Each structure stands twice: as structure tokens, then as C-alpha cells.
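These figures come from a predicted structure and were not determined experimentally.
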Amino acid sequence: MVTEEDLRTVLGELHRLRTRVPQLTGALAAGVDGLVVAHDTPGVAPEGLSALTAAALGVAVRVADATGSGGFRELLVRGEHGYIATYAAGRTAVLTLLAQDRVNVGRLHLEGRRSGARIGELLDAAEAAARATPAPPAPPSPPTPPGALPPRPRTPRVPRTAAAEAHTATDS
């Protein structure tokens, strides 16, 4: 689970990225499932962009697989009025950048790859920490009434095997 502090850090990275590349008109970090993690996308609905990014990502992954190009790294779309670039951000997220047509594409790739790596490290670490956190303890059992026996713990059942089934091919 990503904490509020982690989300603020991701949002800060998006703001810094837009400062480093002034031709960016938007930046979005999203899960590969299409859910928004953080965004700085004035004038663009982040949920819609995130869903479209997930759809485009699915196609890009399939094209990379079909052509033997390896795992997904990035996707670039050029429209009449600008660019949309999507970069891998760790194992479970992507970074999508919107840029004006006059952006230096080399600079866009350089900064997008760096930010994608930073965001990916942060989100992957947050996910690993969430998995490492132990589950909360089970609630206590209700008290046993006076004179009653406490409930017996259940043991898992093991299926019985017939003697013939117990032999392996080399036992004959």
C-alpha cells in the first residue's frame, strides 16, 4: 500500500519533471491497471488518461512480445499538436507525459526515463514494504462459559491413500 507521504513524493517528482522540461503540459503516474497514482495534468481528466494509458500499454506489451523485443520500456505517440510518452516505472506503474510539439524529444526521453526510474523505485519499495508487514493478529476467541470445554483446535485433513496407490513406479 502506498502511503500519503509516498504519493506526495511522486507528485513532487512530477512537478520537478515539469520544471526541468518546460514544454511538458502534463504528467501522470499510474498503475498498469489504469488507476491514477498521482497527476499534474491541467485540462486533462487524469482518470481517462490513465485508462487510455493502460489500454495503450496492453497493446505495446503485446507488440513487444510478438516481435521478440523484450519487456516494455517506453511508448511514444506523436500527434498533430504534441507528444504522449509513456515510460515503465518499476514493476507495477507507468509514467505518462504530455508535451508540446516543439519539445526536444531527446530531452523528453532522458528526463522521462529518469523520473520513471525514480517513481518505480519508490512505488516498488512501498509495495515490498506492504507485503512485508505482518498481518494483524486474529481477534481473541470468545470466553468459554464456566463448566464448558474449550473448543478443540482443528487440524487439517489429509486424504487417505490406498496401499496400491502408495507405491511408486520404482517400488515394484
Side-chain angles (χ1 to χ4, degrees), residues 1-139 156:
M1 179 174 167
V2 181
T3 66
E4 285 296 320
E5 182 180 339
D6 293 335
L7 293 177
R8 283 193 297 275
T9 303
V10 171
L11 187 57
E13 179 63 32
L14 297 181
H15 290 306
R16 287 188 298 279
L17 178 59
R18 290 199 56 202
T19 300
R20 290 190 309 268
V21 184
Q23 295 81 19
L24 286 183
T25 59
L28 170 104
V32 294
D33 56 2
L35 296 177
V36 176
V37 173
H39 67 92
D40 182 8
T41 55
V44 177
E47 292 81 12
L49 178 60
S50 182
L52 289 170
T53 295
L57 176 64
V59 172
V61 167
R62 289 185 63 194
V63 169
D65 285 345
T67 60
S69 298
F72 172 80
R73 294 285 180 241
E74 59 195 42
L75 171 67
L76 181 68
V77 175
R78 181 176 183 202
E80 289 180 23
H81 303 293
Y83 293 88
I84 302 96
T86 300
Y87 302 92
R91 293 185 312 274
T92 61
V94 292
L95 170 66
T96 295
L97 305 177
L98 309 176
Q100 298 170 353
D101 191 41
R102 61 189 177 92
V103 71
N104 178 322
V105 176
R107 179 73 187 261
L108 176 70
H109 283 320
L110 176 70
E111 297 294 346
R113 290 170 185 154
R114 286 180 179 168
S115 288
R118 281 190 208 99
I119 291 168
E121 288 170 4
L122 178 72
L123 295 177
D124 287 350
E127 179 186 321
R131 276 187 272 134
T133 304

With a 4.5 Å cut-off on side-chain heavy atoms, are Leu17 and Leu95 touching? yes
Residue pairs meeting side-chain hydrogen bond (donor to acceptor under 3.5 Å, both in side chains), one or both in residues 56-73, sequence neighbours left out, come to Thr67-Ser69
N/O donor to acceptor pairs below 3.5 angstrom from side-chain atoms of residues 116-124, sequence neighbours left out:
| from | atom 1 | to | atom 2 | distance (Å) |
| --- | --- | --- | --- | --- |
| Arg118 | NH1 | Glu13 | OE2 | 2.9 |
| Asp124 | OD1 | Arg91 | N | 3.2 |
| Asp124 | OD2 | Arg91 | N | 3.2 |

Is there a side-chain contact between Leu98 and Leu24, using heavy atoms and a 4.5 Å cut-off? no
Heavy-atom nearest pair, Phe72 first then Thr86, reads CZ-O, 3.7 Å
Please assess Ser115 against Arg20 for the test side-chain contact (heavy atoms from CB on, under 4.5 Å), listing each intermediate value before the final yes or no. CA-CA 11 Å; Ser115 288; Arg20 290 190 309 268; 2.9 Å; yes
So do the side chains of His109 and Leu76 get within less than 4.5 Å of each other, counting heavy atoms only? yes
Run the side-chain hydrogen bond (donor to acceptor under 3.5 Å, both in side chains) test against Gln100 and tell me which residues pass, sequence neighbours left out. Arg102
Please tabulate, for the side chains in residues 28-43, all donor-acceptor contacts under 3.5 angstrom to protein atoms that are two or more places apart in sequence or on a different chain.
| from | atom 1 | to | atom 2 | distance (Å) |
| --- | --- | --- | --- | --- |
| Asp33 | OD1 | Leu35 | N | 3.1 |
| His39 | ND1 | Thr41 | OG1 | 3.3 |
| Asp40 | OD1 | Arg18 | NH1 | 3.0 |
| Asp40 | OD2 | His15 | ND1 | 3.0 |
| Asp40 | OD2 | Arg18 | NH1 | 3.3 |
| Thr41 | OG1 | Val44 | O | 3.2 |

Taking the side chain as everything from C-beta on, heavy atoms only, tell me whether Thr25 gets closer than 4.5 Å to Leu97. no
Heavy-atom side-chain proximity of Tyr83 to Val103 below 4.5 angstrom: yes
Quick one: list whatever passes salt bridge (Lys or Arg N to Asp or Glu O under 4.0 Å) with Arg78, sequence neighbours left out. Asp101
Check against side-chain contact (heavy atoms from CB on, under 4.5 Å), Leu7 and Thr3: CA-CA 6 Å; Leu7 293 177; Thr3 66; over 6 Å; no
With sequence neighbours left out, what residues match Glu74 under salt bridge (Lys or Arg N to Asp or Glu O under 4.0 Å)? Arg113
Does any non-hydrogen side-chain atom of Leu108 lie less than 4.5 Å from one of Asn104? no
Tyr87 versus Thr96: any side-chain heavy-atom pair under 4.5 Å? no
